[in-house]
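A short write-up of the structure that comes next.
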Amino acid sequence: MAQPACGKLVVLSGPSGVGKTTVLRRLFSLCPLPLRASVSATTRPPRPGEVQGVDYYFLTKEEFASRRQRGEFLEWYEVYNSGWWYGTLNREVATGLEAGYWVVLGIDVHGAASVVKQYPETITIFLRTRSWEDLEARLRGRGTEDEAAVQRRLEQAKDELAQAGWYRHQVVNDELDRAVREICEILVRNGETQHV
């Protein structure tokens with residue numbers, strides 16, 4: 001499946017605790033490109049304030065499995081063997097690209113690899129902390145999980161960092177505004193090269 005010329009696909013990955021959500025929120029508000037977030041599907045229940053079709057498409061496990069079997073997902077994964085599934089619907093990406101948007105996916109490294117197989121021109125960016133110690137401090141500083149959950153996230157982070165090398169770009173999130181500017185500059189440069 002070749003990527004349409006009118007839009008671009010962007011993948012941002014990075015270990016838990018690196019600040020992907022915060023960076024993306026700021027990127028959407030500051031970068032002048034026609035960026036559009038892809039709304040993921042999930043089987044987990046909505047959290048207070050989350051809106052169907054805005055934050056996520058909330059599906060039952062049966063609906064998720066059925067759509068996956070029908071080939072409706074570009075990528076999907078189960079988070080930390082929790083029983084909660086997440087995935088990117090093909091139509092979310094295709095309609096955005098056809099409308100000329102830069103569709104941005106904030107997904108893990110396994111999902112990113114699946115996306116790149118189908119859209120080889122995807123702009124891939126890996127977000128990381130300055131050091132392993134910084135990442136561990138951020139995860140522990142959130143104070144939202146017990147030690148076992150923190151250890152699971154740290155193990156996952158080792159796996160993700162080991163795969164960072166195949167991403168086209170790597171950005172250190174040591175200072176939010178600087179990291180967002182760097183990502184925006186990467187995207188702007190990629191937009192310029194398509195006209196050369």
Side-chain angles (χ1 to χ4, degrees), residues 1-4 6-80 82-127 144 156 160 167 171 173 176 179-180 183-184 186-187 190-191:
M1 183 186 310
Q3 181 173 333
C6 52
K8 281 187 175 286
L9 191 54
V10 180
V11 163
L12 180 76
S13 302
S16 182
V18 78
K20 294 183 296 293
T21 302
T22 304
V23 164
L24 286 175
R25 197 175 294 128
R26 186 73 62 92
L27 183 70
F28 288 129
S29 68
L30 296 179
C31 198
L33 295 167
L35 303 179
R36 178 181 190 175
S38 172
V39 178
S40 296
T42 184
T43 60
R44 76 155 170 78
R47 293 176 182 143
E50 288 184 330
V51 178
Q52 171 78 338
V54 175
D55 297 291
Y56 286 96
Y57 295 110
F58 295 100
L59 307 177
T60 65
K61 289 183 181 180
E62 294 74 23
E63 287 173 315
F64 196 101
S66 175
R67 287 181 172 217
R68 193 174 68 202
Q69 287 169 352
R70 291 196 304 264
E72 292 183 26
F73 283 101
L74 178 58
E75 58 84 32
W76 66 88
Y77 62 100
E78 181 186 11
V79 177
Y80 305 115
S82 63
W84 303 133
W85 288 83
Y86 290 78
T88 303
L89 292 160
N90 283 311
R91 67 176 167 76
E92 268 292 297
V93 172
T95 56
L97 293 175
E98 287 162 9
Y101 289 102
W102 291 48
V103 180
V104 182
L105 309 178
I107 56 177
D108 77 340
V109 293
H110 305 292
S114 297
V115 169
V116 170
K117 279 181 190 165
Q118 295 177 67
Y119 292 91
E121 297 303 312
T122 299
I123 302 162
T124 53
I125 302 169
F126 191 88
L127 192 65
T144 55
Q156 180 77 24
E160 291 174 325
Y167 281 71
V171 173
N173 184 20
L176 178 62
V180 170
I183 293 170
C184 186
I186 287 167
L187 298 181
N190 275 275

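Hydrogens, waters and symmetry mates play no part in the numbers below; they use all other heavy atoms, side chains included.
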Dump the intermediate steps for side chain to side chain contact (heavy atoms under 4.5 Å, CB included) on Val23 and Leu127, then the final yes or no. CA-CA 9 Å; Val23 164; Leu127 192 65; 3.8 Å; yes
Value rounded to 0.5 Å, distance of NE2 in His110 from CH2 in Trp76: 14.0 Å
Taking side chain to side chain contact (heavy atoms under 4.5 Å, CB included) as the test, write out the residues that go with Ala37, two or more places apart. Phe28
With no hydrogens and no angle check, is any side-chain donor or acceptor of Asn190 less than 3.5 Å from a backbone partner on Ile123? no
In short, Val11 meets Ala112 closest at the heavy-atom pair CG1-CB, 3.6 Å
Considering residues, nucleotides and ligands other than Tyr101, do more than 12 of their heavy atoms fall under 6.0 Å from its OH? no
Rounded to the nearest 0.5 Å, what separates atom OG in Ser38 from atom CG in Asn90? 10.0 Å
Kindly state each residue pair satisfying disulfide (SG to SG under 2.5 Å) with at least one member in residues 93-122, sequence neighbours excluded. none
Tell me, please, which residues at least two apart from Val116 pass side chain to side chain contact (heavy atoms under 4.5 Å, CB included). Thr122, Thr124, Trp166
How far does CZ of Phe73 sit from OG of Ser40, to the nearest 0.5 angstrom? 9.0 Å
Do any N or O atoms from the side chain of Thr95 and from the backbone of Arg91 form a donor-acceptor pair under 3.5 angstrom? yes
Separation between CG (Leu187) and CH2 (Trp102), nearest 0.5 Å, reads 5.5 Å
Quick check: does any side chain N or O of Gln118 sit under 3.5 Å from a backbone N or O of Leu74, one acting as donor and the other as acceptor? yes
Does the side chain of Leu105 reach to within under 4.5 Å of the side chain of Val10, using non-hydrogen atoms? no
Below 4.5 Å, heavy atoms only, C-beta onward: do Thr88 and Val39 meet side chain to side chain? no
Please list, chain by chain and in numerical order, all residues satisfying side chain to side chain donor-acceptor pair (under 3.5 Å) with Tyr167, sequence neighbours excluded. Ser13
Closest non-hydrogen contact found for Trp84 with Pro45 is CH2-CD, 3.5 Å
side-chain hydrogen bond (donor to acceptor under 3.5 Å, both in side chains) pairs, two or more places apart, involving residues 42-55: Arg44-Glu50, Arg44-Tyr86
Under a 4.5 Å cut-off applied to non-hydrogen side-chain atoms, are Val104 and Arg36 in contact? no
Hey, could you give me each pair passing disulfide (SG to SG under 2.5 Å) that has a residue in residues 31-61? Not counting sequence neighbours. Cys31-Cys184
All side chain to side chain contact (heavy atoms under 4.5 Å, CB included) counterparts of Glu72, not counting sequence neighbours: Arg67, Arg70, Leu89
Rounded distance [0.5 Å steps], NZ in Lys20 versus CD1 in Ile125: 13.5 Å
Rounded at 0.5 Å granularity, tell me how far CH2 in Trp85 sits from OG1 in Thr60. 14.0 Å
Under 4.5 Å between any side-chain heavy atoms of Leu24 and Leu12, yes or no? yes
Once side chain to side chain donor-acceptor pair (under 3.5 Å) is applied, do any residues pair with Tyr57, and if so which ones, sequence neighbours excluded? Glu92
Might you point out which heavy atoms bring Leu97 and Leu9 nearest each other, and give the distance in Å? CD2-N, 3.9 Å
Using side chain to side chain donor-acceptor pair (under 3.5 Å) as the criterion, list what pairs up with Arg25, not counting sequence neighbours. none
pair Pro15-Phe126: side-chain heavy atoms closer than 4.5 Å: yes
Using every non-hydrogen atom in the two residues, find where Ser114 and Glu75 come nearest and quote the distance to one decimal. CB-CB, 3.9 Å
